[in-house]
Novice: 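Below: one structure in structure tokens.
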Amino acid sequence: MPELPEVETIVNDLKTLLIGRRITDVAVNWEGIIAQPSDELSQGRPQNRKGRLCDSSSSVSEFKRRIKNQRILDIRRRGKYIIFDLSRGDSLLIHLRMAGQLLIGPCPTKLESYTRLILHLDNGQQLRFADMRKLGRVYLVEDAEAIVGMLGPEPLADDFKLEDFARILERRRGRIKSLLLNQRFIAGIGNIYANEILFAAGIHPLRKADTLAPAEIEALYHAIRRVLRRAIAERGTTFDGAYLDVRGRRGQYQESLRVLRREGKPCPRCGTPIVRIALGGRGTYFCPRCQE
DNA sequence: CTAAAATCCTGGTGGC
DNA sequence: TGCCACCAGGATTTTA
């Protein structure tokens, strides 16, 4: 499941491969991959997805028309979004969600039928967006901030200091794990790294944010940065082949996981069996002795 | 305000 | 062997 470290790895690879390339053509194999302007950002108005059938074809042709012949000026990451800045000043954003994969080069046969979007490039290469579960989306917008503007701070930014973390934590009273998963609170952390970060910090996932002592806030801040940096160095976490980089290679951080999907196995620090609970429908793993 | 459930999705798995 | 419930979880929206 691509989170910050996986998306960072993808973006770094794409940069060396695609910056300066011109998009010569677009193939949309499944129209739902293209986010409608009202899909996100809509303030409360319920959108029925079936209702888009009436105007989806025009949106798709509009999408193709706008993107064709644009050059890729830059590729960057914001939270879990991949942002392509294009030559006419607009941006293409890709969110992989649960199962999305970006691939350059030969397509593994397994992914062929799941390819939802193909960008053809002026050097003959293709960038393919495969997504078995159809949860991923692409956005073509005048200003990327329209999509990523509501995200919380980047945890690895140089100017994201302990004081900044302590400040956004003020007056937050929810459970700390839910907060780490909230992209408006802090950007880029998903279920894998939320579990590992809380273990590294020695904090119980159900702790309320406003009960954290200053020393715990500091431990959490450093755990966030340490775990994410290490995971980037390991090129992300691959479970069941779910995440692969743009060349189809696996990450290595699964070897470093301490609690995730280790229910009943001994805590690597104290030997107590790891406990699994459900929090908001998500698997939540922790050591009942090391995390209080 | 927080929190849980529903929604979108499909492949894999375990029970019967 | 087949059928079914359920799990995996990112993000948003709805409901309590």
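This structure is a prediction, so every number in the text was calculated from the model and none was measured. Quick note on labels: first sequence line is chain A, next is B, and so on, each numbered from 1.
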Novice: Can you tell me, in whole Å, how much space there is between the P of dC6(C) and that of dA5(B)?
Specialist: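 To the nearest whole Å, 13 Å.
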Novice: Measuring from the side chain of M132(A) (C-beta onward, heavy atoms only), which nucleotide among dA11(C), dA4(B), dG11(B) has the closest atom?
Specialist: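 My answer, after comparing the listed nucleotides, is dG11(B).
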Novice: Quick one: is dC8(B) close enough that its OP1 or OP2 comes under 4.0 Å of any side-chain N or O from K134(A)?
Specialist: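 For dC8(B), neither OP1 nor OP2 has a side-chain N or O of K134(A) closer than 4.0 Å.
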Novice: With under 30° as parallel and over 60° as perpendicular, where do the rings of Y253(A) and Y193(A) fit, or are they tilted in between?
Specialist: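 Answer is tilted, since the angle falls between 30° and 60°.
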Novice: dG10(C) and dC1(B): how far apart are their P atoms, nearest whole angstrom?
Specialist: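 It works out to 25 Å between them.
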Novice: Mind checking if R184(A) touches a base, just sugar-phosphate, or nothing, with heavy atoms under 4.0 Å?
Specialist: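 No contact.
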Novice: Is it possible for you to say whether F160(A) and L220(A) belong to one hydrophobic cluster, with membership spreading through side-chain heavy-atom contacts below 4.5 Å?
Specialist: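 Same cluster.
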Novice: Determine the interatomic distance between P on dC9(B) and the same-named atom on dC3(C); round to the nearest Å.
Specialist: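 My reading of the P atoms in dC9(B) and dC3(C) gives 25 Å.
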Novice: Exactly one of Y81(A), Y139(A), F129(A) should register a side-chain contact (heavy atoms from CB on, under 4.5 Å) with I94(A). Which one does?
Specialist: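 That would be F129(A).
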Novice: So which one's nearest nucleotide on DNA chain B is more toward 5', R171(A) or G281(A)?
Specialist: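 Residue closer to the 5' terminus by nearest nucleotide: R171(A).
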Novice: Verify the contact: side-chain N or O of H95(A) to OP1 or OP2 of dG10(C), cut-off strictly under 4.0 Å; return yes or no.
Specialist: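 It does not, given that no N or O in the side chain of H95(A) lies less than 4.0 Å from OP1 or OP2 of dG10(C).
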Novice: At less than 4.0 Å, is any side-chain N or O atom of Y114(A) found next to OP1 or OP2 of dC9(B)? Yes or no.
Specialist: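 No, no such contact exists.
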Novice: In dot-bracket, 5' to 3', how would DNA chain C read with Watson-Crick or G-U wobble pairs under 3.5 Å, [ ] for crossing ones and | for pairs to another strand?
Specialist: .|||||||.|||||||
